[in-house]
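The structure under discussion appears below in the form of structure tokens.
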Amino acid sequence: MMKPFIRNHQYNTIKKQTDLLQRACNTVSDPKVVEAVRYSATTKIIEAFPDPEELQKQILEKISTLKTTEQFQHYLHSMEPYLEPFQQVTETQMKKLFPKSKKLKVPDLAAIDYRHVTYLGWTDIATNKLFMVYHLNGKLIGIEGKYTPMNKKSNCFLCNRHEEVALFSAISKWKPANASPDYYRAVGNYLCVNSDACNNNITDVTTLEKLIYDIVGHSRLES
């Protein structure tokens with residue numbers, strides 16, 4: 001059997017496009033419109049995978065033949081064995097990522113379904129902080145920042161979905177070459193209050209990785 005190759009955000013893209021095509025098949029009477037949606041869905045799924053192998057493309061492109069609800073459900077179910085889980089982390093690793101947080105409270109790592117995780121995110125209500133852990137360039141990276149619930153819905157910076165959000169703000173560790181000793185730069189934006197919901201929505205990691213680079217700095221990640 002082929003080894004897993006579908007990351008969580010890619011699977012979310014597959015789910016999104018499958019749902020769009022299924023709805024078109026069920027509600028649109030014009031065959032040309034349905035075929036246009038079918039072509040778009042197939043294209044966007046393939047584009048979510050940089051340089052896919054031929055067999056991987058064949059598995060993904062099966063969406064182009066689907067017509068019934070049962071077929072769509074079977075297609076999504078058939079993707080599950082190919083899900084590449086987020087590399088599990090231990091509580092010890094977590095504490096090394098956040099050495100300044102002496103009383104770090106980590107989530108229940110044993111209860112997490114790592115197949116559906118793009119990043120690990122959790123909040124510490126006592127300190128009003130949001131912690132995030134992500135694998136980037138072969139390294140386990142942790143970032144943290146101030147977490148201020150807004151009690152409203154808006155577009156999340158990471159998943160671009162309309163969800164209940166909080167303002168996340170972190171101090172950037174990156175400094176320009178000629179920066180003064182007191183140089184200070186904060187990085188912030190609206191993020192989902194619920195990291196599980198964000199992980200369920202996210203279809204692209206570009207913004208997430210840019211946020212990490214902005215906070216940690218390119219030199220620290222590429223050395």
Side-chain angles (χ1 to χ4, degrees), residues 3-16 76-77 79-171 173 187-205 207-213 215-216 220-221:
K3 66 180 182 179
F5 68 97
I6 302 174
R7 296 171 62 189
N8 177 63
H9 70 280
Q10 295 167 323
Y11 183 64
N12 290 341
T13 296
I14 294 172
K15 287 194 300 181
K16 179 180 179 180
L76 286 177
H77 183 70
M79 295 294 115
E80 294 182 3
Y82 302 112
L83 292 177
E84 181 181 349
F86 185 94
Q87 186 177 335
Q88 295 188 30
V89 293
T90 65
E91 186 171 341
T92 299
Q93 286 176 304
M94 291 282 204
K95 291 181 177 179
K96 286 183 178 179
L97 291 175
F98 305 102
K100 293 183 179 179
S101 299
K102 302 302 182 183
K103 297 182 179 180
L104 181 68
K105 295 182 179 179
V106 302
D108 183 357
L109 301 177
I112 297 172
D113 185 349
Y114 288 92
R115 297 175 306 164
H116 300 293
V117 170
T118 293
Y119 70 91
L120 287 175
W122 72 98
T123 57
D124 184 346
I125 299 176
T127 59
N128 288 324
K129 280 189 174 183
L130 171 66
F131 297 88
M132 300 173 67
V133 174
Y134 182 69
H135 292 281
L136 183 58
N137 294 344
K139 296 181 179 181
L140 190 62
I141 305 298
I143 60 174
E144 61 182 283
K146 187 178 179 182
Y147 172 85
T148 308
M150 305 305 294
N151 297 317
K152 69 173 185 178
K153 286 192 172 184
S154 185
N155 270 27
C156 170
F157 181 61
L158 297 183
C159 70
N160 200 32
R161 291 287 293 273
H162 196 70
E163 297 281 358
E164 187 175 350
V165 296
L167 179 62
F168 173 77
S169 179
I171 299 173
K173 298 176 183 177
V187 177
N189 220 309
Y190 291 129
L191 303 184
C192 285
V193 167
N194 187 328
S195 294
D196 290 340
C198 195
N199 272 293
N200 191 53
N201 292 331
I202 191 169
T203 57
D204 191 325
V205 295
T207 302
L208 171 60
E209 293 184 355
K210 183 181 183 302
L211 174 67
I212 294 172
Y213 275 117
I215 294 173
V216 179
R220 297 190 183 201
L221 292 172

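Side-chain atoms of Ile141 and Val133, non-hydrogen and from C-beta on, never get closer than 4.5 Å to each other. The side-chain heavy atoms of Ile143 and Tyr134, taken from C-beta on, include no pair separated by under 4.5 Å. Counting heavy atoms from C-beta outward, Cys198 and Leu158 have side chains that approach closer than 4.5 Å. Residues Cys156 and Arg161 have side chains not in contact (no heavy-atom distance under 4.5 Å, counting atoms from C-beta outward). Leu120 places none of its side-chain heavy atoms less than 4.5 Å from the side chain of Met132. Here the side chains of Val193 and Glu163 are not in contact, with every heavy-atom distance at 4.5 Å or above. Counting heavy atoms from C-beta on, the side chains of Pro81 and Pro4 never come closer than 4.5 Å. With contacts defined as side-chain heavy-atom distances shorter than 4.5 Å, the pair Asn194/Glu164 does not qualify.
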From CA spacing to verdict: side-chain contact (heavy atoms from CB on, under 4.5 Å), Phe168, Lys146: CA-CA 6 Å; Phe168 173 77; Lys146 187 178 179 182; over 6 Å; no

Derivation of the side-chain contact (heavy atoms from CB on, under 4.5 Å) call for Ile125 and Tyr147: CA-CA 9 Å; Ile125 299 176; Tyr147 172 85; over 6 Å; no

Candidate pair Lys95 and Thr92, rule side-chain contact (heavy atoms from CB on, under 4.5 Å), full reasoning: CA-CA 5 Å; Lys95 291 181 177 179; Thr92 299; 6.0 Å; no

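Nearest approach of Lys3 to Tyr82, heavy atoms of both residues: O-CD2, 4.5 Å. Of all heavy-atom pairs between Leu97 and Gly142, the closest is CD2-N, 4.0 Å. Nearest approach of Gly145 to Ala170, heavy atoms of both residues: CA-CB, 4.1 Å.
Looking only at distances, no side-chain donor or acceptor of Asn200 sits under 3.5 Å from a matching main-chain atom of Asp196. With Asn128 contributing its side chain and Thr148 its backbone, the two residues share no donor-acceptor pair below 3.5 Å. Between the side chain of Asn12 and the backbone N or O of Ile202, at least one donor-acceptor pair lies under 3.5 Å.
Atom CD1 of Ile215 and atom CD1 of Ile171 lie 10.5 Å apart (nearest 0.5 Å). The structure places OG of Ser195 at 9.5 Å from CH2 of Trp122, a figure rounded to the nearest 0.5 Å. In this structure, Ile212 CD1 and His135 NE2 are separated by 11.0 Å, a value rounded to the nearest 0.5 Å. Remark: Lys210 NZ to Thr207 OG1 distance equals 8.5 Å, nearest 0.5 Å. Atom CG of Asn199 sits about 9.0 Å away from atom CG of Asn201, to the nearest 0.5 Å.
Listed by first and then second residue, the salt bridge (charged side-chain N to carboxylate O under 4.0 Å, His left out) pairs involving residues 113-123 are Asp113-Arg115 (not counting sequence neighbours).
Surrounding NZ of Lys16 are at most 12 heavy atoms belonging to other residues, nucleotides or ligands under 6.0 Å away. Heavy atoms of other residues, nucleotides or ligands lying less than 6.0 angstrom from CD of Glu91 number 12 at most.
Under the 4.0 Å criterion applied to side-chain N and carboxylate O atoms, Lys129 and Glu144 are assigned as salt-bridge partners.
Checked by atom type, the side-chain pair Asn8/Thr118 shows a donor-acceptor distance below 3.5 Å. Side-chain polar atoms of Gln87 and Tyr114 form no donor-acceptor pair below 3.5 angstrom.
Taking the six-membered ring for Trp, His116 and Tyr11 have ring centres closer than 6.0 Å. Ring pair Tyr190/Phe157: centre-to-centre distance not below 6.0 Å.
With sequence neighbours left out, the side-chain hydrogen bond (donor to acceptor under 3.5 Å, both in side chains) criterion links Asn160 to Asn155.
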Tabulate below the donor-acceptor pairs under 3.5 Å that side-chain atoms of residues 98-112 make, not counting sequence neighbours, or state none.
from, atom 1, to, atom 2, distance (Å)
Lys102, NZ, Pro99, O, 3.3
Asp108, OD1, Ala110, N, 3.3

